[in-house]
**Student:** 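Input: one structure, supplied below.
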Amino acid sequence: MRLGEAAAPPSAFLAFCERSPTACGDAPPEVVRTVARAELAQRSAAEAQLASGRRRTNPVATAAVHAQPVNWSEAFAEARRRREALTAPTVEEKPDWAAVFAAARAAREAAAREAEADVAAEATVEARGRLLRSAAGETKAAPITLAWSGKVELKAAAETSSKSGGGLDRSPSLAMTTALWSTLNKVNDKVNRAIARKTDIANYGQIDFWTLPLAEGQAAGDCEDYVLEKKRALIKAGLPASALSIAVVTTSWGEAHAVLVVETDKGDYVLDNTTPWILPWRKANLTWHERQVAGSAFRWANVASPRPYQIAKTSLSLSQP
């Protein structure tokens, strides 16, 4: 998954980190709480200033407008002319189908070129990582980490410690093994079944409220609550937090949504409470907006989404046996 410019974490997530700092990373709880509180205060001040600017009016100009005389006869005549224009018969124009098909063909070709460019860019990143590992004399694939500098770039990191025997791979780039796939499916299914879907308005009287419902003894929650519980359960199962990122998306039916992304050596996989299936991110029928950078609480980035042409091909492939 290609990441772009830096993005701001959701305000409701920052409020969650202020309330539950231990669920937002390995930093000392007071540090997490202080950062979240400072970011929320800065946003509140900016929103208050914007709202104040909207309310600011010029009383002299307002009085001058109200003092202007109104020619009601002309106003009624203008209203009648507009009604007649709306009811007047219109001549149906026949579409230029040749131009329509030509534009559609050009759009498809442009989308295909962009899709090929995306694949080529990802292949270049992978090839660069292999060259760096080869130069370092490594015998196995180095884990992939994300470096932050306004934009997110992939860099190969040399492995500095040997892998401990047994269990899941704890490096930032997880090896997609049978054990890992089994763990992902068990956690995804367990959390999806344990939490009943309920909106934040119905549950807490707020539009957006992030929490860990199971940890707090509740059995209902919204999409982001499923994500937080799955992330907590996977970390407890041995997965590194740096391989688990929250993502903000839009569903195929236009609903704002949150999912959990798991980074592996076979690509990024999506855990979603609306489906029991764990899918590669490109096959999930979602519009991607932003996500955490390597599971970091306060580092988020915009997502370079697949082109519509790619999504259309993916939808077709999902319907095939």
**Student:** Rounded to the nearest 0.5 Å, what separation is found between the CD1 atom of Ile278 and the CG atom of Leu184?
**Tutor:** 5.0 Å
**Student:** How would you list all residue pairs meeting salt bridge (charged side-chain N to carboxylate O under 4.0 Å, His left out) that involve residues 15-24, not counting sequence neighbours?
**Tutor:** Glu18-Arg37
**Student:** Might you work through the side chain to side chain contact (heavy atoms under 4.5 Å, CB included) test for Val259 and Trp288, ending with a clear yes or no?
**Tutor:** CA-CA 10 Å; Val259 296; Trp288 295 83; 4.1 Å; yes
**Student:** Judged by modelled atom types alone, do Lys198 and Gln218 share a side-chain donor-acceptor pair under 3.5 Å?
**Tutor:** no
**Student:** How would you list, by chain and number, every residue that makes a side chain to side chain contact (heavy atoms under 4.5 Å, CB included) with Ala46, sequence neighbours excluded?
**Tutor:** none
**Student:** How about CD on Glu30, more than 12 heavy atoms from neighbouring residues, nucleotides or ligands closer than 6.0 Å, or not?
**Tutor:** yes
**Student:** Just to verify, what does Phe209 make a ring pair (Phe, Tyr, Trp, His ring centres under 6.0 Å) with, not counting sequence neighbours?
**Tutor:** Tyr204
**Student:** For a quick test of reading the model, state the closest non-hydrogen atom pair linking Trp281 to Val270 and the distance between them.
**Tutor:** CA-CG2, 3.6 Å
**Student:** Taking salt bridge (charged side-chain N to carboxylate O under 4.0 Å, His left out) as the definition, give me every residue that meets it alongside Glu39, ordered by chain and number, with sequence neighbours left out.
**Tutor:** Arg43
**Student:** Please report the interatomic distance SG(Cys24) to CZ(Phe298), rounded to the nearest 0.5 Å.
**Tutor:** 6.0 Å
**Student:** Any ring pair (Phe, Tyr, Trp, His ring centres under 6.0 Å) pairs touching residues 255-277, not counting sequence neighbours?
**Tutor:** Trp181-Tyr269
**Student:** Specify the closest pair of heavy atoms between Glu229 and Leu214, including all atoms of both residues, with the distance to one decimal.
**Tutor:** OE2-N, 2.7 Å
**Student:** Rounded to the nearest 0.5 Å, how far apart are CD1 of Ile246 and SG of Cys223?
**Tutor:** 10.5 Å
**Student:** Nearest 0.5 Å please: distance from the CG atom of Asp200 over to the CD atom of Gln206.
**Tutor:** 8.0 Å
**Student:** Could you point out which residue of Leu279, Leu260, Val191 forms a side-chain contact (heavy atoms from CB on, under 4.5 Å) with Leu271?
**Tutor:** Leu260
**Student:** Among Val262, Ile195, Asn192, find the one that has a side-chain contact (heavy atoms from CB on, under 4.5 Å) with Lys230.
**Tutor:** Asn192
**Student:** According to ring pair (Phe, Tyr, Trp, His ring centres under 6.0 Å), does anything in residues 14-51 pair up with another residue at least two apart or in another chain? List the pairs.
**Tutor:** none
**Student:** Measure the spacing between CG of Asn203 and CZ of Arg197 and express it to the nearest 0.5 Å.
**Tutor:** 13.0 Å
